[in-house]
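Data block below; observations after.
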Amino acid sequence: MRRKLAAGNWKMNGTAAALSELVELAGHLDPNDAETLICPPAPLLYRACEKTRGTSIAIGAQDCHMQTEGAFTGDVSASMIADTGASYVIVGHSERRDAHEETNGDIRKKARAAWAAGLTAIVCIGESGDDREADNTLDIIAGQLSGSVPDGATGDNTVIAYEPIWAIGTGKIPTLAQIIEVHDFIRARLIARFGDVEGNAIRLLYGGSVKPDNAAEIFTAENVDGALVGGASLKASDFAPIIKALSAS
Ligand code: PEP
């Protein structure tokens with residue numbers, strides 16, 4: 001049984017005042033709910049961990065450097081993230097693949113760095129709108145999976161987020177059939193590479209314009225184990241119904 005995971009990515013949004021959303025969110029949750037994770041901007045990580053201490057909300061970062069330390073001005077290592085009390089880190093988000101020209105090889109190294117620091121890596125993959133139109137989605141996904149996910153991935157150290165780039169922040173989402181096709185494909189590839197036990201244990205999240213009104217349908221897909229949510233994770237009043245829909249699925 002894979003534990004469901006609702007992960008919120010605040011991106012570059014929020015200062016200390018936004019931490020009140022964590023307190024409000026914790027008030028909506030009960031012990032039977034899906035695992036809940038918030039990934040705030042790096043300067044808020046420590047305070048977010050303090051604010052959520054004793055609640056069921058876990059905290060994660062949005063990126064880490066692939067090296068453990070050194071002359072990398074402005075970067076943050078995985079061990080620094082772990083030191084704040086955070087337990088997850090997103091790697092390979094499409095906004096970083098695009099704006100920071102991160103390659104599959106970079107992302108693989110970042111995932112390994114995350115593991116070495118004791119963090120669970122959420123590895124993001126997803127096709128562009130052009131890839132989808134050209135019917136290249138599964139080829140792109142296969143390439144990103146083999147390139148970005150290191151050998152040694154397990155259900156404990158890795159989560160995969162399938163995020164079609166054209167669905168992120170656009171209000172557009174794939175059809176349920178398209179979501180099922182890609183998640184089933186990812187599951188089959190993970191089993192083929194990592195074996196039955198770990199291939200079935202790695203959780204798969206769908207990401208891209210998940211909202212309170214479309215979440216329940218997305219969560220009917222067998223291999224969708226949760227969601228990576230951007231805009232709708234910023235407000236507890238939007239994220240809580242998504243978590244509840246996941247918990248009920
Ligand atoms: C994301 O940034 O990972 C994301 C899925 O954003 P949104 O939910 O806003 O589409």
Side-chain angles (χ1 to χ4, degrees), residues 4-14 18 21 25 34-42 44-45 48 57-64 86 88-100 102 107 110-111 114 119-129 131-132 137 140-141 144-145 148-149 158-176 178-179 182-183 186 203-219 221 223-246 249:
K4 313 257 181 201
L5 174 62
N9 172 14
W10 282 5
K11 310 193 186 190
M12 199 172 74
N13 294 294
E21 293 296 329
L25 186 62
E35 186 179 354
T36 299
L37 168 70
I38 294 285
C39 299
L44 291 181
L45 281 172
I57 301 174
I59 299 297
Q62 300 171 14
D63 180 47
C64 66
Y88 284 83
V89 60
I90 297 169
V91 295
H93 191 282
S94 61
E95 286 156 13
R96 294 204 61 90
R97 287 180 186 262
D98 180 27
H100 298 266
E102 290 187 5
I107 293 155
K110 288 180 177 211
L119 300 172
T120 298
I122 301 180
V123 181
C124 299
I125 57 175
E127 82 284 4
S128 68
D131 296 328
R132 170 62 69 179
T137 299
I140 296 291
I141 294 301
Q144 290 178 336
L145 270 180
S148 308
V149 181
T158 302
V159 173
I160 309 284
Y162 166 58
E163 301 205 298
I165 298 168
W166 52 273
I168 295 178
T170 60
K172 295 183 203 158
I173 58 164
T175 63
L176 183 60
Q178 289 170 327
I179 291 175
V182 177
H183 283 76
I186 296 170
R203 292 176 290 178
L204 309 185
L205 309 183
Y206 168 77
S209 296
V210 177
K211 305 289 176 205
D213 61 356
N214 61 22
E217 188 188 4
I218 294 168
F219 298 145
N223 277 308
V224 172
D225 304 309
L228 181 54
V229 181
S233 71
L234 292 170
K235 293 274 164 228
S237 53
D238 290 331
F239 199 30
I242 294 173
I243 299 165
K244 295 292 175 187
L246 179 61
S249 67

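Note that ligands are numbered from 1 as they come in the structure, with each ligand's atoms numbered from 1 the same way. What you see below is based on every heavy atom in this structure, not just the backbone, and it leaves out hydrogens, waters and symmetry mates.
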* Which pair of heavy atoms, one from Pro40 and one from Trp10, lies closest together, and at what distance? ->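 Taking Pro40 first and Trp10 second, the nearest heavy atoms are CB-CE3, 3.7 Å.
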* **Over all atoms of both residues, closest heavy-atom pair of Pro174 and Pro164** =>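 So the two residues come closest at CG-CG, 3.7 Å.
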List ligand 1 atoms under 4.0 Å from [X], heavy atoms only on the residue side.
| X | value |
| --- | --- |
| Gly208 | 5 (C), 10 (O) |
| Asn9 | 2 (O), 3 (O) |
| Gly169 | 7 (P), 9 (O), 10 (O) |
| Ser209 | 7 (P), 8 (O), 10 (O) |

* **Criterion side chain to side chain donor-acceptor pair (under 3.5 Å) against Glu95, the qualifying member of Lys11, His100, Gln62** =>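 Output: one option passes, namely Lys11.
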* Measure Ala167 to ligand 1 on non-hydrogen atoms and call it side chain, backbone, both or neither using the 4.0 Å cut-off. =>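 Backbone only.
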* Structural part of Ile168 in contact with ligand 1, heavy atom criterion under 4.0 angstrom ->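 Both backbone and side chain of Ile168 come within 4.0 Å of ligand 1.
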* Parallel, tilted or perpendicular: ring planes of Tyr206 versus His183, cut at 30 and 60 degrees ->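 Ring orientation of Tyr206 relative to His183: tilted.
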* Asked: So, Thr120 versus Arg203: side-chain donor-acceptor pair below 3.5 Å or not?
  ->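 Checked: Thr120/Arg203 side chains show no N/O donor-acceptor pair below 3.5 Å.
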* Asked: Going by atom types alone, do Glu127 and Trp166 pair a side-chain donor with an acceptor below 3.5 Å?
  ->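 Yes, a side-chain donor-acceptor pair sits under 3.5 Å.
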* **Note, Glu102 side chain near Asp63 side chain (heavy atom, < 4.5 Å)** =>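 The answer is yes, as the side chains (C-beta and beyond) meet within the 4.5 Å cut-off.
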In the protein, which heavy atom is nearest to [atom], and how far is it?
| atom | answer |
| --- | --- |
| atom 5 (C) of ligand 1 | Glu163 OE2, 3.0 Å |
| atom 8 (O) of ligand 1 | Gly230 N, 2.8 Å |
| atom 1 (C) of ligand 1 | His93 NE2, 3.3 Å |
| atom 9 (O) of ligand 1 | Gly231 N, 2.9 Å |

* **Under 3.5 Å: N/O of Glu95 near N/O of ligand 1** =>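 No; the residue has no nitrogen or oxygen that sits under 3.5 Å from a nitrogen or oxygen of the ligand.
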* To do: Could you say whether the N/O atoms of Lys211 and ligand 1 ever approach to under 3.5 Å?
  =>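 No, no N or O pair falls under 3.5 Å.
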* Asked: Under 3.5 Å, is there a donor-acceptor pair between the side chain of Asp225 and the main chain of Leu204?
  ->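 Yes: the side chain of Asp225 pairs with the backbone of Leu204.
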